[in-house]
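Labels below follow one simple rule: chain letters A, B, ... track the order of the sequence lines, proteins then strands, and each chain is numbered from 1. Because the structure is a prediction, the values reported are computed rather than measured.
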Amino acid sequence: MTNKIDNNEKRLLLIDGNSIINRAFFALPPMDNGEGLHTNAIYGFMTMLFKMIENYNPSHISVAFDMKAPTFRHESYTDYKAGRKSMVSELAMQLKPLKKLLDSFGIYRQEIQGYEADDILGTVSLEGEKQGYKVFIVTGDRDAIQLASDVTTVLITKKGIGEVEEYNTQSVIERYNLTPTQFIDLKGLMGDKSDNIPGIPGIGEKTGIKLLTEYKTLEGVLENSDKLKGAQKKKVEENKEAAIMSKELATIIRSVPITYKLDDMKFGDFDEQVLIKNLQDLKFTSLISRITSFSSTNKDDQIIDIKKINSKSELETFVSSAKNYKKFAIKVFTRKDNILNKNIFKVYLAINSENIYVIEEDLIEDLKNILEDEEIEKIGYEMKEDYVAFRPYGIKIKNMAFDVSIAEYIIDSKTSTSYDIDSISNKYLYKKIKTKEELLGKGAKSIAFTDVKDEDLDDYANGIIKTVFGCIDIMKKKIKDDDMEMLYYDVEMPLVEVLADMEYVGICVDEEIVDRLGKEFDESIKSTAEKIHKLAGEEFNINSPKQLGVILFEKLELPVIKKTKTGYSTNAEVLEKLREKHEIIALITEYRSVVKLKSTYIDGIKQLINKNDGRIHSSFQQTIATTGRISSTDPNMQNIPVKTELGRQIRKVFVADRGMKLVDADYSQVELRVLAHMSGDEDMIEAFESGEDIHRKTASQVFNVEFDKVTPELRSAAKAVNFGLIYGKSDFGLAKDLNISLKKSKEYIENYFARFPKIKVFMDKIVEDAQISGYATTIFKRRRYIPEILSKNFIDKNRGKRAAMNAPIQGSAADIIKIAMVNVFNRLKEEELKSNLILQVHDELIIETYEDEIDRVKVLLKEEMENAVNLKVNLDVDLNVGDSWFETK
DNA sequence: CTTATCACG
DNA sequence: ACGTACGTGATAAGT
């Protein structure tokens, strides 16, 4: 790591410990370490300290604390600091732990009987100046501004503890029109309420500055008091003594009799392990990763030594050692280009974290044997990328054994965080490594891997490889401890290759149909828009909820049903309620739906058709959904319309290639079957065993009518309850959905649970367990942590309960189809079929098959899906074959 | 970059 | 009394 700041420069950071811990305490909300110790002030102090270290790169640090004993100021003026409240216990209890933490950080501490922290800082800073240091003083107390000079910068905290204002001689003059020394005279004149220093009554900052500009010093003002006028003159003359005493009190002593050597304040030598332990005890895990860069002992081992492999013979050396170890780590970097092209420009390989090699383009093809060697384990990070990158070279990586991103996902599939390599390094190794964002920048301004300097890419790859090797054993143990070995090694890891392959193969698109539908939709949009504008009496942007709101609720004065944070709500539910009120509503609904189809599914998909093969290569994400599901992006192939006839037309664009067919297999009611299995409810299981329509069947049981006499209304009520159940829906929601009274919906739910008692028991148990353990699990031990279930916030807590009820059901269904995918994929290979698995839509798999393989594929798909697991109920799969996705229904 | 809306299981 | 179904991703508007 290069350090831009000259390391030989002596830079001394001095901190007023009491002042900063006080600020921190009042600036931050309460925190504790789980054992009754309040920690917010310590945390705030440490964040501040880290920030100062990062920003000012000190070579020496000292923190000064006040002592309880009275100081010379109390002795000379008994009212000094009178009226000040003593420290509250929540803060007082944090002082000792903070001092202990600073000690383990190797930070020098000073406390001197009879003097305040201020005086220590004043004395040490003067000594520092004499010895040629640049000095930085951090405090929340503006009195310290008197210490500012050309080489001493006083940093005054503002806005809590987040930021500081910098003062040196120059900026003090700019801000106050006074020199730092005159600042003391100012205090003498105006006093200080917080320290109970009197000063001269009636003189504040403004007048004080004015007088000092004229007479330079406090003494100057007092000597010239006869030149003052009126009340001011009187006040000054009556309070001369008070003023002189005030100045004395406000003067920071710069000659405290203490023995110390500045050398003792040298920073950077500390035992990292002890510090880490102390930070862990305080539950400050987020701070741990930041310490490594401070440690002087640590800097050496961050030297990056990556050897370049230049020739086939050099590669041979690597290959033979990889064969000996039977394992190596890999990370590939590609050009941003067509997925079907040969885009790799660098491959990093490593047998252990000390020996990392890089290979460039010319030798890539020579990696085929070792990558396809089943006997050698490949480990890495986001290995799906590596697999896909090698496909254009005719290389299919075999035995991808451990991917840290997938491991971290099953260890803790938390929401809204990605499994960035640096967070993994941070969490397991407490090491800060180069982030992708640091390497490439973020957002629109980000650059490609090809645009970064070799050293920087080396640095990034080094971080990845070291993290992979560093984490693997810890993660393996965690996976074992949490009973997830089957899930990880037999499901998730084999699935990496399956998804990579699906992505690479893609799905065929008929572009003519895309264009034809596009035109049809455009015409419909145009004519509907015209009608809407005519009815509205003006042209406006129908796509803008804001403009639409003005038209509907102001111009046409329709009743406001619902509001959003920013204005009127105009969503489908609201429009449905307004449908009868104005003929414009139906048109808007129509317009909305067609615009959605056109922009998202026609225009959106057209852009993503690959120019080489005319196919769509959607990306399947394995580490996003908290429940264990797979997600799909660019485009999302899992939300292609199906519910409305018009939307379903979109499915005509997804076709089988020439001479091929699509075989579509979907599970019938997996989630309800999972529920029947997990709860063990005999009646629910029986309902499935009968093979009848499950919603009709439950309707007949819940409403106590004969199977044949179930009306469509009763069936749909039962269906709503069935689904509501999976999500932990409330009676209120059910009433709203079915448009029935709250009383009725309560009755339905009661009947339901009375009829299927074990389901109720099961649901209650899940919630209870989650409240105790903090997580919910699936049949295959996949975990979802739900901390909010213990929240004191009613809304969060209830949301947590619903998530807990849903996770085992949605998650087990996800486990099941993942197992089926792996088995289907392997079976296709074993039977040497050329057909490919190309899509997964949560409970549905699609294979593109050659016509002469159709029958075998149908059998295989049905068998593997239905036998993926053995539950208390059978799994049932429906099969459909067609030339397009539209036809497979 | 966030918000509202709407597509799917 | 609270607010009211879980899980995703894409687009356009507007701050």
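A donor atom on one side chain and an acceptor atom on the other are found under 3.5 Å apart for A/S405 and A/D403. For the residue pair A/S619 and A/Q621, a side-chain donor N or O sits within less than 3.5 Å of a side-chain acceptor on the partner. Of the N and O atoms on the side chains of A/T570 and A/R592, at least one donor lies less than 3.5 Å from an acceptor on the other residue.
Residues A/Y419 and A/I406 have side chains not in contact (no heavy-atom distance under 4.5 Å, counting atoms from C-beta outward). You'll find the side chain of A/F756 reaches within 4.5 Å of the side chain of A/T698, heavy atoms only. With a 4.5 Å cut-off on side-chain heavy atoms, A/V496 and A/M493 count as touching. Side chains of A/E866 and A/D876 form a contact here, defined as non-hydrogen atoms less than 4.5 Å apart. Under the 4.5 Å side-chain criterion, counting only non-hydrogen atoms from C-beta, A/T528 is not in contact with A/V594.
Taking a 4.0 Å limit (strictly below) on heavy-atom distances, residues 633-644 of chain A reaches DNA chain B at A/Q638, A/N639, A/I640, A/P641, A/V642, A/K643. For DNA chain B, the residues of residues 585-599 of chain A within the heavy-atom distance limit of 4.0 Å (strictly under) are A/R592, A/K596, sorted by number. Contacts between residues 789-799 of chain A and DNA chain C, defined by a heavy-atom separation below 4.0 Å, involve A/F794, A/I795, A/N798, A/R799, listed by number. Near DNA chain B, meaning a heavy atom under 4.0 Å away, there are no residues from residues 614-622 of chain A. Less than 4.0 Å separates DNA chain B from at least one heavy atom of each of the following residues of residues 556-584 of chain A: A/T564, A/K565, A/T566, A/S569, A/T570, A/N571, A/A572. Near DNA chain C, defined here as any heavy-atom distance below 4.0 Å, there are no residues from residues 838-845 of chain A.
Among the atoms of the strands shown, only primed sugar atoms or phosphate atoms (P, OP1, OP2) are found under 4.0 Å from some heavy atom of A/R802. Residue A/S544 is in sugar-phosphate contact alone, with no base atom involved, counting any heavy-atom pair closer than 4.0 Å across all strands shown. Heavy atoms of A/N541 sit under 4.0 angstrom from primed sugar atoms or phosphate atoms, though from no base atom.
One atom, CD of A/Q810, and another, P of C/dT8, lie 7 Å apart when rounded to the nearest Å. One can place CD of A/Q547 at 12 Å from C1' of C/dA12, the figure rounded to the nearest angstrom.
Put simply, A/K736 has no side-chain N or O that comes within less than 4.0 Å of OP1 or OP2 on C/dA5. Regarding contacts with the backbone of C/dG9, a side-chain N or O of A/S631 is found under 4.0 angstrom from either OP1 or OP2. Between C/dT8 and A/T626, a contact under 4.0 Å exists linking OP1 or OP2 to a side-chain N or O.
Between A/K526 and A/D522 there is no salt bridge, since no side-chain nitrogen of the basic residue lies less than 4.0 Å from a carboxylate oxygen of the acidic one. For A/D796 and A/R799, the salt-bridge test passes: some basic side-chain N is under 4.0 Å from an acidic carboxylate O.
Every residue meeting the side-chain contact (heavy atoms from CB on, under 4.5 Å) condition with A/D764, not counting sequence neighbours, appears here in chain and number order: A/K760. The side-chain contact (heavy atoms from CB on, under 4.5 Å) test applied to A/K436 returns A/L440, A/F449, A/Y460, not counting sequence neighbours. Shown here are the side-chain contact (heavy atoms from CB on, under 4.5 Å) partners of A/A820, two or more places apart in sequence or in another chain: A/Y667, A/M865, A/A868.
A donor-acceptor contact shorter than 3.5 Å links the side chain of A/Q622 to the backbone of A/E492. Checking side-chain atoms of A/T600 against main-chain N and O of A/L597 turns up no donor-acceptor pair under 3.5 Å. Not one N or O on the side chain of A/S524 forms a donor-acceptor pair closer than 3.5 Å with the backbone of A/E520.
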DNA chain C base-pair string [pairs: Watson-Crick or G-U under 3.5 Å; |: paired with another strand]:
.....|||||||||.
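Listed by first then second residue, pairs satisfying ring pair (Phe, Tyr, Trp, His ring centres under 6.0 Å) with a partner in residues 618-651 of chain A number zero, not counting sequence neighbours.
Look at the P atom in both B/dT5 and C/dT4: the space between them is 15 Å, to the nearest Å.
Using a 30° and 60° split on the angle between ring planes, A/W885 and A/F654 fall in the perpendicular class, above 60°. Ring orientation note: the planes of A/Y504 and A/H617 are tilted relative to one another, at an angle of 30° to 60°.
The ring of A/F703 has its center closer than 6.0 angstrom to the ring center of A/Y748.
For a distance-only test at 3.5 Å, the side chain of A/S730 qualifies as a donor-acceptor partner of the base of C/dT4.
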Got a list of side-chain donor-acceptor pairs under 3.5 Å for residues 573-588 of chain A, not counting sequence neighbours?
unit_1 : atom_1 : unit_2 : atom_2 : d
A/H582 : ND1    : A/I584 : N      : 3.0

